[in-house]
Structures are given as structure tokens and as C-alpha cells.
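The structure displayed is predicted, hence computed values, not measured ones. Ligands are counted one by one from 1 in listed order, and the atoms in each one are counted from 1 as well.
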Amino acid sequence: MKILVINCGSSSLKFQIIDSDSEQCLAKGLCERIGIEGSQITYQKTGGEKEVTQAPMPTHTEAIQLVIDAITNPKTGVVSSLDEIDAVGHRTVHGGEKFSKSVLINDEVIKTMESCNELAPLHNPANLIGIRACQELMPNTPMVGVFDTAFHQTMPPEAFIYGLPYEYYEKYGVRKYGFHGTSHAYVSRRAAEMLNRRYEDMKTIVCHLGNGASISAVDRGKCVDTSMGMTPLAGLMMGTRSGSIDPGIIEFIAHKEGLNVEQALEVLNKKSGVYGVSGYLSSDFRDLEAAANKGDKKAELAMKAFVYRIIMYVGGYVAAMDGVDCICFTAGVGENSPTIRTMICNYLFYLGLQIDQKKNQTRGEEIEISTDYSRVKVLVIPTNEELMIARDTVAILEGRL
Ligand code: AMP
């Protein structure tokens with residue numbers, strides 16, 4: 001089957017066409033600045049040249065039309081007509097407690113998704129706009145929603161409940177949901193395949209370390225805890241997000257700096273994390289590492305603090321699962337930074353974990369970096385959320401999910 005995978009943001013839209021039989025990406029691209037002047041589409045057929053075309057996109061409907069034009073283009077396209085697209089898989093961010101797995105989209109599902117909008121006001125409405133635009137242009141093609149939160153729905157109540165009045169959970173759904181679930185699901189499954197072990201027998205910790213970062217504990221195929229919360233602001237320190245902090249700080253800073261709640265949260269989302277700690281030097285670990293190597297103390301502190309929070313979670317998750325077989329690194333930093341991986345693993349000797357520094361120099365490739373003697377396997381696995389979305393879409397169409 002050929003699956004169009006759509007990841008729709010408020011002003012951008014990423015897409016891929018995946019052949020589900022070979023699991024190969026046939027073409028991919030990105031529409032940027034939707035609804036803003038200067039919009040453009042980038043398109044690349046696998047093995048072909050990257051094409052960038054300026055084109056007006058007042059709404060997501062025009063953007064999807066341009067995607068359709070690109071993939072059906074007689075010269076550079078990958079399908080001869082839209083009929084060849086068997087289904088569209090949509091990345092959808094927040095499914096609340098309503099969606100614990102991917103779902104075939106119909107009017108009722110859309111209504112339910114709308115009820116989750118207030119849990120992810122930046123992301124969910126954009127996902128819905130993308131779904132509606134696709135439905136308008138491809139009315140006969142089945143659409144599947146694959147939720148970022150779904151994989152984490154297996155967490156037990158003691159892991160997802162906050163120490164708040166229980167009525168907030170009942171009335172408003174205030175609880176931990178977790179994000180990056182499609183990535184955590186893909187990587188934890190792939191780890192079992194790489195190690196030639198049954199997924200249902202393994203205890204795995206997945207470190208998704210990108211600009212947004214989260215970590216999860218996957219106990220015999222089920223997520224039992226994850227670091228992000230009701231919103232993607234919780235947990236690890238990130239590129240520009242604070243991660244979990246003392247909640248009392250919000251009021252304190254708001255008072256000192258003369259900010260309202262929205263402004264204080266803007267600081268926590270956009271000016272914090274390693275960017276904030278480094279004195280607004282950069283949120284990019286390449287810059288931080290270069291600066292730290294030249295003696296910049298704040299850049300060094302930002303990296304150390306980022307790592308410290310990760311190893312605190314690793315320790316917690318080993319306790320929660322009563323052991324760990326495998327630790328996986330994925331996303332921009334996890335896949336590409338031997339330095340950060342080393343800094344993390346240096347804290348984990350107590351687990352009998354050892355990495356091979358030569359193998360650890362690999363960037364962006366699937367590899368086992370632990371030594372033969374290591375009691376815990378350490379893997380680098382480039383994430384592939386699009387493939388996971390395509391797999392789920394096919395599984396739904398075939399009635400397997
Ligand atoms: P992501 O959000 O998964 O796309 O990750 C983006 C982040 O990955 C960037 O902000 C960088 O901090 C990090 N990154 C990408 N390449 C490298 C690299 N070669 N070394 C260290 N960090 C990297």
C-alpha cells in the first residue's frame with residue numbers, strides 16, 4: 001500500500017509517501033509559512049534532487065493541493081494519480097484518555113478530538129485543520145489518526161496521577177499523558193528486533209533527546225512511565241523548555257519580573273532549558289559543546305544539568321521496572337551526540353553498563369554501542385515516526401489494530 005503521512009502544524013506541514021510493503025519512503029517534503037507571506041514547498045523524491053518552490057498558501061487546503069501536485073507530477077512524482085494513495089496517516093498530538101491507540105477518522109472521532117483541543121491548544125487544532133483539508137481534497141481516501149499520547153496510555157494510575165485534588169482529574173482530565181509516544185513505540189520495538197529478543201520480554205528505557213526531550217520506561221511492551229506530563233513542558237530540561245521545576249517559582253518570577261501567568265509560561269517554554277541556563281547562548285547542543293570546549297562555564301553547566309536530569313529519570317525507571325535490559329538513544333541529540341551519550345553513560349556504571357567509545361562515535365545510524373561485557377545493552381536508533389504512522393494506518397485498514 002502507499003500511505004501519505006501528514007504531520008500538520010499551525011503554519012507548517014511535513015509529509016512523506018511510504019510504501020508499506022517495502023517500508024521505504026518514496027518522497028518527502030515540507031510546506032512552510034502557511035497563512036503567512038513567503039510560503040514555500042520543499043519536495044524530494046527519494047534519490048532525487050530537492051526542489052524548493054515559492055507558492056501562495058493562504059490555508060492548509062492550498063498546501064495539501066501543492067503536496068498532491070508534487071507527488072502526482074509526471075516527471076518527479078511518485079504516483080500517477082491520487083487513486084494510488086490507499087490512505088492518509090495523520091500525526092495527531094493529544095488524544096487525552098479517549099484514544100489509547102490509532103483510529104480510523106470519522107465525524108465522531110473528529111468531535112472527540114475537538115474535545116481534546118484544550119489539552120493541546122497549540123497542536124490539536126492544527127492537526128484537525130490538516131485532516132479537514134485532506135478530507136476536502138481526498139474525500140474517498142481513508143484517514144487514520146495516530147496519537148502522540150496513545151502509547152503512554154498503559155501507564156498505571158500511580159504513575160499518571162498528580163499530587164493535586166482528585167477532582168481536577170475527574171473534572172478537567174488533569175493527569176500525566178506523555179508525548180513523543182510514536183517515537184517511543186517505534187524505538188522500543190526496534191530495540192527488541194535489533195537484539196533479537198521478544199518485545200514482550202524486555203525492559204527498555206528510551207531517551208528521546210531532541211529539541212523537545214522525553215524519556216520512557218517500557219516494561220515488556222507496555223509504557224509504564226514517561227517524563228512529559230499533561231503538557232510537553234514537563235520532565236527533562238530541553239532545548240528551550242524548562243522541564244519540571246518547583247511550581248512555586250512561577251509565582252515568584254512572575255512577581256519579580258512583572259509577568260502574568262501566560263508571560264511566565266512563555267519564559268518556561270521559550271527562554272529556558274539549556275538555552276536559558278547557557279545565558280541565551282544557544283539551544284543547539286553543537287553550539288553548547290563548542291562553547292564548553294572553549295571554556296564557557298554556562299554552556300558546560302547547561303550540558304551537565306541536562307544530563308543530570310536524564311540520569312535521575314533512568315534511576316527512577318530502573319526502580320519502577322525492577323531492572324533494565326536496554327537503554328536507547330534517539331532524536332537529534334540522542335542520535336548525533338557521542339559527548340552527551342558518554343556523559344549519561346558515565347553515570348550508569350552501577351548498572352554494569354559499559355559503552356565502546358569507538359562505536360559511540362557513530363552519528364545518525366542504528367548501532368549497538370555497549371561492549372560485549374555490558375550487562376545493559378545501549379543502542380542508538382534513529383527514530384522513524386512517519387514509518388510508525390504508516391504501519392498503524394495499514395494495521396487499521398486491515399483490521400489488525
Ligand atoms: P530534533 O528535535 O530531534 O530534530 O533535534 C534537534 C536537535 O538535535 C538540535 O537542536 C541539536 O541540539 C541536536 N543535534 C543535531 N545534530 C547534532 C550533532 N551533530 N551533535 C549534537 N547535537 C546535535
Give the residue, atom name and distance (to 0.1 Å) of the protein heavy atom nearest [atom].
{"atom": "atom 2 (O) of ligand 1", "answer": "Asn211 N, 2.9 Å"}
{"atom": "atom 22 (N) of ligand 1", "answer": "Phe285 CB, 3.7 Å"}
{"atom": "atom 5 (O) of ligand 1", "answer": "Gly332 CA, 3.3 Å"}
{"atom": "atom 13 (C) of ligand 1", "answer": "Val333 CG2, 3.6 Å"}

Can you sort out which atoms of ligand 1 are near [X], meaning under 4.0 Å from one of its heavy atoms?
{"X": "Gly210", "result": "1 (P), 2 (O), 3 (O), 5 (O)"}
{"X": "Ala331", "result": "3 (O)"}
{"X": "Ser337", "result": "21 (C)"}

So Tyr166 and Tyr169, would you call those rings parallel, tilted or perpendicular, with 30° and 60° as cut-offs?
-> perpendicular
What is the ring orientation for Phe306 with Phe285, classed by angle as parallel under 30°, tilted 30 to 60°, or perpendicular over 60°?
-> tilted
Cut-off 3.5 Å, side chains only: do Asp225 and Ser216 have a donor facing an acceptor?
-> no
Please check if the distance between the ring centroids of His184 and His152 is under 6.0 Å.
-> yes
What about the rings of Phe179 and His94, do their centers lie closer together than 6.0 Å?
-> yes
For Tyr186, what residues pass the ring-ring contact (aromatic ring centres under 6.0 Å, His included) criterion, not counting sequence neighbours?
-> none
Out of Asn336, Asp284, Thr339, who gets a non-hydrogen atom closest to atom 10 (O) of ligand 1?
-> Asp284
When you look for heavy atoms under 4.0 Å from ligand 1, do you find them on the side chain of Arg363, its backbone, both, or neither?
-> side chain
Start with the C-alpha distance between Leu13 and Ile6, add both sets of side-chain angles, then the distance that settles side chain to side chain contact (heavy atoms under 4.5 Å, CB included), and finish with yes or no.
-> CA-CA 7 Å; Leu13 185 156; Ile6 299 274; 4.0 Å; yes
